Amino acid sequence: MNRTLKNPGFYIINLLFFATAFSYFFGIANHILFFQENNHLFIFSKFYLDDYFTQPGGLLVLTGKFFTQFYFHAIIGVIILATTLTLPAILIYHINKHLLPHSQLSLPLMIIPPFLLLLMQTHYYHMLEFNFGFLLILFFFYIYLTFLKNKTSYVPLILFPLVYYFIGVYAWILIMMLILLNLFYKKGNERFINSSILLGVAVITVIFSKKVLFFQPFEQLITYPFPSVENKNHHLFLYITTGFIAVYPLITKALTTFRTKLHQSKFIGTAAVVVIFGFSIFSLFNSYNNQTSRVIQLEKMVLDEEYNQAINFHEKYPSQNLIAQYFYNIALSETDQLASRLFYGRQDFNVNALILPWNEEHLNWGAHFFYTVGLINEAHRWAYEEMIVYGYRPQNISLLAKTNIINGNYKRAYKYVDILKNTAFYRDRGNEYEELLADTTLIAVHPEFGLKRNIMPQDDFFTEIVSPQNNIPKLLQSNPENQKAFEYMMAWFLLSKNVEGIINNLPKLNNLNYNKIPRHIEEATLAYTNSTGENPDLGGLTISNETILRFNQYISDFKQTRQNPSTQKNIMQNKYQNTFWFYFHFK
């Protein structure tokens, strides 16, 4: 400790690293914390906790999930994450006091694992428990060096099964470190005997776990809970991190063979630190995926019901991702702007960004469309299937509570409300829903649930799964006053360039109490009249003079630019990209 206090570089490097991690995840990569917090719901109940005690490594995952729930509050979450990433550097520095004393290379060595973990953490599926796994390897190794190295060799053998039970597969990396420590830092036959015993105890522990304790598949016992992120960069950094830590005693032993003067060692150490920082920060920002960030941020805004913020965000920072455009359309619908603002944001996927098809890839998000248009039973089915496949998540449990409340299934709703009440950060939501269940007359006047009840189908019909768009006419036939379903139908016609479908449904405007025609429907109507010479029935409404003037200008500009096809699209896009006419001609 005294040596640490005399080494300001130790504090400077760790503070710089902490500041780097904190700034990155609190700034441009804050979407990662939301994604991971929303990916799992931590529940304080026996039935939830019991599952994590049934296999080695379960307690490590449980610990990771416990701390991940605090990502709900961004500042707290970033502090937890940045601290977790920094702690390996502190442990390695103190490990080096035993393995690499008085070396200036201790500082660059200590920051390699933290930066590798930081680079892995840039992928949104790299969970906190993975960091804890590597952190605990170093912690147990440090405990061995500090307290157990000179004790009887039976102590670590007795403790290994407990360590394996807690951290699972990471215990094998620890065994590798201990074996290499014995082979290269001890002398005589003792090093071979201890190494053989360590390996034997590890193998016996796994066999005993499979045959007697947990009855888990062998593959599960030797791989859980190691990361399995499908990303080549993550794989690369994971293998480097695992290898670096596993053979760390060998690395330190090799470095002790080098003999350099003190000032040369200082130069090499300082240069190595600068190079590692520079390369890591470059890689950090190079790995940032702007499109992924926008998708997750849009999802967060929609789940938080910040619909206008989501609309403005997508229009200011347009995303080329299907799911992002899907959430943009959800936000438009929830604010009754789907038929008047559809083309203000990017629409690159035709009708596919309106309704997601039924498959595992879209299971996380598909329910939102059905909930928005009032097909509550189908929204419930999607949410329930998501819960079965992916487990408890804030969004699927909340949606299951809401759909059961709206449908009047109050006893079933209590089940999901109780789950929310047994969480740290969704308890208030659960209490709100419980108040509605205590006095169900409040549901009809609830600003969200009352509206959804009003637009629900009034008659039963079979929901189509393969072609979900066919449910919209059925919903309108069952409940002609469902304006959201009407606008989704019109948006489908707009994006599929089915102008006749729009014209045939114009009389419904009067039944839906529109006081003016939505902008994009006006644009489609003028295009129809211009090409056919017919004036369709507008349900007693009229097209605004503003839209007529804009259409006349569009026709004039279109004819002028047609002389130069190579530049026509760009010229027209600059002036008319937010119109149905531009989409019709150029998309």
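It should be emphasised that the depicted structure is a prediction, and the values quoted were computed from it without experimental measurement.
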Decide yes or no for Leu356 and Leu322: does some side-chain heavy atom of the first lie under 4.5 Å from some side-chain heavy atom of the second?
->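 Yes - at least one pair of side-chain heavy atoms lies under 4.5 Å apart.
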
Determine whether Met110 and Phe10 make a side-chain contact, defined as any pair of heavy atoms from C-beta on separated by less than 4.5 Å.
-> yes

Counting N and O atoms only, with roles assigned by atom type, does the side chain of [X] sit under 3.5 Å from a partner on the main chain of [Y], one being a donor and the other an acceptor?
{"X": "Glu129", "Y": "Thr68", "value": "no"}
{"X": "Glu378", "Y": "Ala367", "value": "no"}
{"X": "Asn396", "Y": "Arg393", "value": "yes"}

Modelled atom types, side-chain donor and acceptor of [X] and [Y], under 3.5 Å:
{"X": "Gln325", "Y": "Gln320", "value": "no"}
{"X": "Tyr71", "Y": "Asn30", "value": "no"}
{"X": "His94", "Y": "Lys97", "value": "yes"}

Does NZ or CZ of Lys253 fall inside the cone over Tyr185's six-membered ring, less than 6.0 Å from its centre and within 45° of the axis?
-> yes

Quick one: do Glu432 and Arg429 make a salt bridge, cutoff under 4.0 Å?
->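 No, no charged N to carboxylate O under 4.0 Å.
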
Identify, with sequence neighbours excluded, every residue that meets side chain to side chain contact (heavy atoms under 4.5 Å, CB included) alongside Glu306.
->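 Expected list: Met301, Asp304, Gln309.
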
Could you go through residues 158-183 and list every donor-acceptor pair under 3.5 Å that involves a side-chain atom there, pairing it with any protein atom two or more places apart or in another chain?
{"residue": "Tyr164", "atom": "OH", "partner": "Leu221", "partner atom": "O", "Å": "2.8"}
{"residue": "Tyr165", "atom": "OH", "partner": "Phe53", "partner atom": "O", "Å": "3.0"}
{"residue": "Asn182", "atom": "OD1", "partner": "Lys186", "partner atom": "NZ", "Å": "3.3"}
{"residue": "Asn182", "atom": "OD1", "partner": "Asn194", "partner atom": "ND2", "Å": "3.3"}
{"residue": "Asn182", "atom": "ND2", "partner": "Leu178", "partner atom": "O", "Å": "2.8"}

Residue list, side-chain hydrogen bond (donor to acceptor under 3.5 Å, both in side chains) with Tyr52, at least two apart or on another chain | His40, Tyr48

